[in-house]
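To keep things clear, I will list the structure first and then write my remarks on it.
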Amino acid sequence: MARINDNGMVVLKERYLFRHEETGISESPEEMFRRVANSVALAELNFGDENQNLAWAEKFFKIMDELLFLPNSPTLMNAGTPNQQLSACFVLPVEDNTEAIFSCLKTAALIQKSGGGTGFDFSKIRPKGDNVANGGKAAGPVAFMKIFDVMTENIRQSGKRRGANMGVLHINHPDVEEFVNSKSTGKNLQNFNISVGVTDAFMHAIKHDSSWDLIHPNTGKKVKELSARSLWQSIIRNAKNNGDPGLLFLDEINRWNPTPKIGIISCTNPCGEVPLLPYEACNLGSINLAKMVASPYKKTVKIKWDLLENTVNTAIRFLDNVIDVNTYIIPEVEQITKGNRKIGLGVMGWADMLIELGIPYASDEAVALAEKLMRFIKDRAWQTSQNLAKTRGVFPNWEKSTHFPDFPLRNATCTAIAPTGSISIIAGVSSSIEPLFALAYEQRNVLDKRSLKHINFSLIEYLKANSIYTEEILNCINARGNLKESNGLPKETKELFRTALEINFSDHLKHQLAFQMYTDNAISKTINLSSSASKYDIDKAFKMAWSGKAKGITLYRDGSKSKQVLNSGIGF
Ligand code: ADP
């Protein structure tokens with residue numbers, strides 16, 4: 001039976017457990033996992049006999065119930081209910097005419113209502129002040145983004161949480177300066193993450209201090225010329241002051257686009273882990289690495305590679321099934337999603353796993369293990385996808401893909417590393433590949449009104465296993481959220497429990513780059529910087545991400561938003 005901690009139960013009760021309309025009685029976590037497993041296993045009936053279906057339903061149930069793997073929130077919430085929309089990630093095209101823009105707005109509203117997040121590239125919209133057919137002047141992309149923002153503000157997902165958006169603008173769009181500054185007051189576009197779509201050419205222009213042309217999206221003509229470095233400085237200033245914009249490295253993304261003949265990628269989902277074509281959707285799931293360790297905190301500790309392999313195999317089959325039992329908001333989404341069959345298996349509990357293994361996050365050993373581990377996951381994921389292709393067929397666009405002819409896969413992509421914001425709370429582990437944010441912290445806005453208090457489980461287990469658990473240490477952790485100033489602890493312990501803000505940004509990035517090497521899609525990672533970080537640090541981090549072959553980067557300087565979601569220390 002799933003052992004879910006208090007915070008996990010709060011989140012499940014508020015948002016995930018299905019409530020019977022008449023009796024008001026909701027399901028238990030086990031019943032939720034059964035509901036999801038049975039629904040997802042129905043896809044087996046398309047390919048096998050009934051026994052297969054039941055056998056896989058049991059395996060799917062087990063990996064969730066043992067908290068070895070959890071699918072993204074919409075699958076957990078919706079599978080087997082009247083709202084069978086199971087994907088977390090969507091990208092919708094925005095064309096340069098009123099009808100198309102508002103049709104896109106409507107589709108986005110339906111997606112958000114059903115639990116999905118939407119990404120938009122606004123680069124096709126003509127610039128502000130440009131002529132429009134009736135003799136008026138165009139509002140420009142940023143004005144339209146505000147309309148999408150208001151829509152999101154007012155659409156609640158099944159009445160429970162607000163949606164999320166990614167807004168992208170290409171670095172050569174005439175309104176790029178307005179876009180870069182669009183969140184500078186801290187008031188606008190609250191429901192958007194924004195990223196500038198930068199190219200290798202732009203990065204070279206910064207290096208050579210050359211001029212940069214802004215191009216009209218419809219005519220292809222140069223509208224304005226400015227200094228690449230001054231535009232870069234304005235991106236850096238905004239990223240420093242309020243965490244936005246992030247960057248998307250469009251050329252790197254398209255070097256890995258598995259279906260360039262179907263389309264060019266210019267956008268990602270809201271948190272950045274899945275670059276998608278227009279109308280494409282992707283469903284995600286994450287393996288709980290904290291559960292993949294035998295004899296944690298002991299000298300005999302080791303990774304359970306067999307369990308990891310089995311979990312990857314079952315999880316990939318699960319995610320492939322989701323595509324077939326899913327319902328799709330509009331036919332365009334169904335067509336391309338089923339044409340490429342992208343799925344995104346990732347991880348959570350990475351920081352906890354490292355602590356269980358006794359490896360500090362900010363170490364070469366941790367980065368080397370990140371690479372080895374993700375290589376293992378990717379390898380097994382692709383093997384499973386190939387095996388599925390043998391019985392179920394390759395994804396329909398395979399012959400037009402870069403996988404042709406060497407890799408007959410069932411899925412154009414298999415891996416992506418999501419933030420696991422909610423599912424890591426359900427599993428009771430550290431999120432995604434992030435270091436511990438703090439050893440004790442308060443998380444606001446999780447459920448809109450309430451806040452959750454977290455204290456790291458691996459810390460308590462570690463202190464007990466090493467017989468150094470005392471009231472005094474616990475008080476210090478509660479008050480400060482870190483061990484920096486607690487007396488009498490061995491140096492190794494302090495090293496092991498360094499938290500996000502005690503870890504240098506380049507160590508944060510090294511983890512992102514190591515995981516990215518073996519991740520088909522992208523990685524959602526926050527590169528934390530201390531409040532004293534300079535523009536020079538941000539310049540360095542951005543350039544390191546680009547030269548290290550990241551697909552994008554999101555920074556957050558401590559204290560740069562007045563309403564920070566996570567705050568160190570709680571004083572229970
Ligand atoms: P979860 O833990 O809830 O499964 P993640 O934090 O891993 O979700 O986010 C994965 C993706 O789910 C995001 O990149 C985004 O596409 C989507 N998503 C997350 N939160 C929201 C939200 N509040 N509204 C809409 N989509 C969301």
Side-chain angles (χ1 to χ4, degrees), residues 7-8 11-12 14-16 36 64 67 69-79 83 85-92 108-120 148-149 151-168 190-193 195 246 248 267-276 280-288 315 319 322 329 342-350 415-434 437 443 445-448 452 521-526 551-552 554 565-566:
N7 285 346
V11 170
L12 282 181
E14 290 268 340
R15 295 215 310 254
Y16 293 74
V36 176
M64 290 187 285
L67 300 175
F69 160 87
L70 289 178
N72 57 212
S73 289
T75 305
L76 271 184
M77 291 171 177
N78 301 338
N83 169 17
Q85 196 299 101
L86 311 180
S87 302
C89 314
F90 294 78
V91 163
L92 295 174
L110 294 173
I111 289 172
Q112 292 186 12
K113 201 171 161 199
S114 73
T118 38
F120 314 91
F148 281 72
D149 191 56
M151 175 276 286
T152 301
E153 190 72 34
N154 290 291
I155 296 270
R156 296 265 157 162
Q157 301 183 334
S158 315
K160 289 170 187 163
R161 66 172 179 177
R162 212 175 279 159
N165 298 298
M166 167 66 87
V168 176
Q190 291 290 302
N191 302 298
F192 266 93
N193 292 326
S195 278
L248 285 190
C267 193
T268 68
N269 68 319
C271 302
E273 69 275 20
V274 199
L276 292 168
E280 209 171 10
C282 183
N283 67 89
L284 311 173
S286 300
I287 288 184
N288 180 359
L319 295 175
V322 168
I329 302 278
K342 284 183 183 169
I343 53 177
L345 180 64
V347 297
M348 58 183 160
W350 168 235
T415 46
I417 300 187
T420 71
S422 302
I423 59 168
S424 68
I425 300 176
I426 297 169
V429 297
S430 58
S431 53
S432 188
I433 59 163
E434 300 291 355
F437 174 74
Q443 185 171 23
N445 289 337
V446 190
L447 303 165
D448 291 347
L452 294 180
N521 287 294
I523 313 248
S524 171
K525 167 98 185 71
T526 304
K551 289 182 174 152
T554 308
V565 178
L566 304 176

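Ligands are counted one by one from 1 in listed order, and the atoms in each one are counted from 1 as well.
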What's the separation between atom [atom1] in [X] and atom [atom2] in [Y], rounded to the nearest 0.5 Å?
{"X": "N191", "Y": "N154", "atom1": "CG", "atom2": "CG", "answer": "9.0 Å"}
{"X": "L276", "Y": "C89", "atom1": "CG", "atom2": "SG", "answer": "6.5 Å"}
{"X": "I426", "Y": "L12", "atom1": "CD1", "atom2": "CG", "answer": "4.5 Å"}
{"X": "I111", "Y": "S87", "atom1": "CD1", "atom2": "OG", "answer": "9.0 Å"}
{"X": "S73", "Y": "Y16", "atom1": "OG", "atom2": "OH", "answer": "2.5 Å"}

TODO: Taking all heavy atoms of R15 and all of S422, pick out the closest pair and write down the distance.
DONE: NH2-OG, 2.9 Å

Task: Heavy-atom closest contact (W350 atom, S430 atom, distance) - done: N-OG, 3.8 Å

Check each atom of ligand 1 against the heavy atoms of [X] and keep those under 4.0 Å away; list them by number with element.
{"X": "C271", "result": "13 (C), 14 (O)"}
{"X": "E273", "result": "10 (C), 11 (C), 13 (C), 14 (O)"}
{"X": "G116", "result": "25 (C), 26 (N)"}
{"X": "N72", "result": "4 (O)"}
{"X": "S73", "result": "1 (P), 3 (O), 4 (O)"}

Starting from [atom], what is the nearest protein heavy atom, named by residue and atom, and what distance separates them?
{"atom": "atom 20 (N) of ligand 1", "answer": "R161 NH1, 3.6 Å"}
{"atom": "atom 8 (O) of ligand 1", "answer": "G421 N, 4.3 Å"}
{"atom": "atom 17 (C) of ligand 1", "answer": "A88 O, 3.5 Å"}
{"atom": "atom 24 (N) of ligand 1", "answer": "Q157 NE2, 3.0 Å"}
{"atom": "atom 9 (O) of ligand 1", "answer": "P419 CG, 3.6 Å"}
{"atom": "atom 7 (O) of ligand 1", "answer": "T420 N, 2.6 Å"}

Is there a polar contact, in the sense of an N or O pair closer than 3.5 Å, between [X] and ligand 1?
{"X": "S422", "value": "yes"}
{"X": "G117", "value": "yes"}
{"X": "L284", "value": "no"}
{"X": "A418", "value": "no"}
{"X": "A164", "value": "yes"}
{"X": "C89", "value": "no"}

Open item on the list: Below 4.0 Å, non-hydrogen atoms only: which portion of I423 touches ligand 1? Side chain, backbone, both or neither.
Closed with: both

Open item on the list: Heavy atoms only, cut-off 4.0 Å: how does R162 contact ligand 1, side chain, backbone, both, or neither?
Closed with: backbone

Open item on the list: Side chains of Q190 and D149: any donor to acceptor distance under 3.5 Å?
Closed with: no

Open item on the list: Side chains of T118 and N165 only: does a donor on one sit below 3.5 Å from an acceptor on the other?
Closed with: yes

- [ ] Indicate the ring-plane relationship of F120 and F192, choosing parallel, tilted or perpendicular according to the 30° and 60° boundaries.
- [x] tilted

Open item on the list: Is the shortest side-chain heavy-atom distance between K525 and I417 below 4.5 Å?
Closed with: no

Open item on the list: Do P419 and E434 make a side-chain contact, defined as non-hydrogen atoms from C-beta onward lying under 4.5 Å apart?
Closed with: no

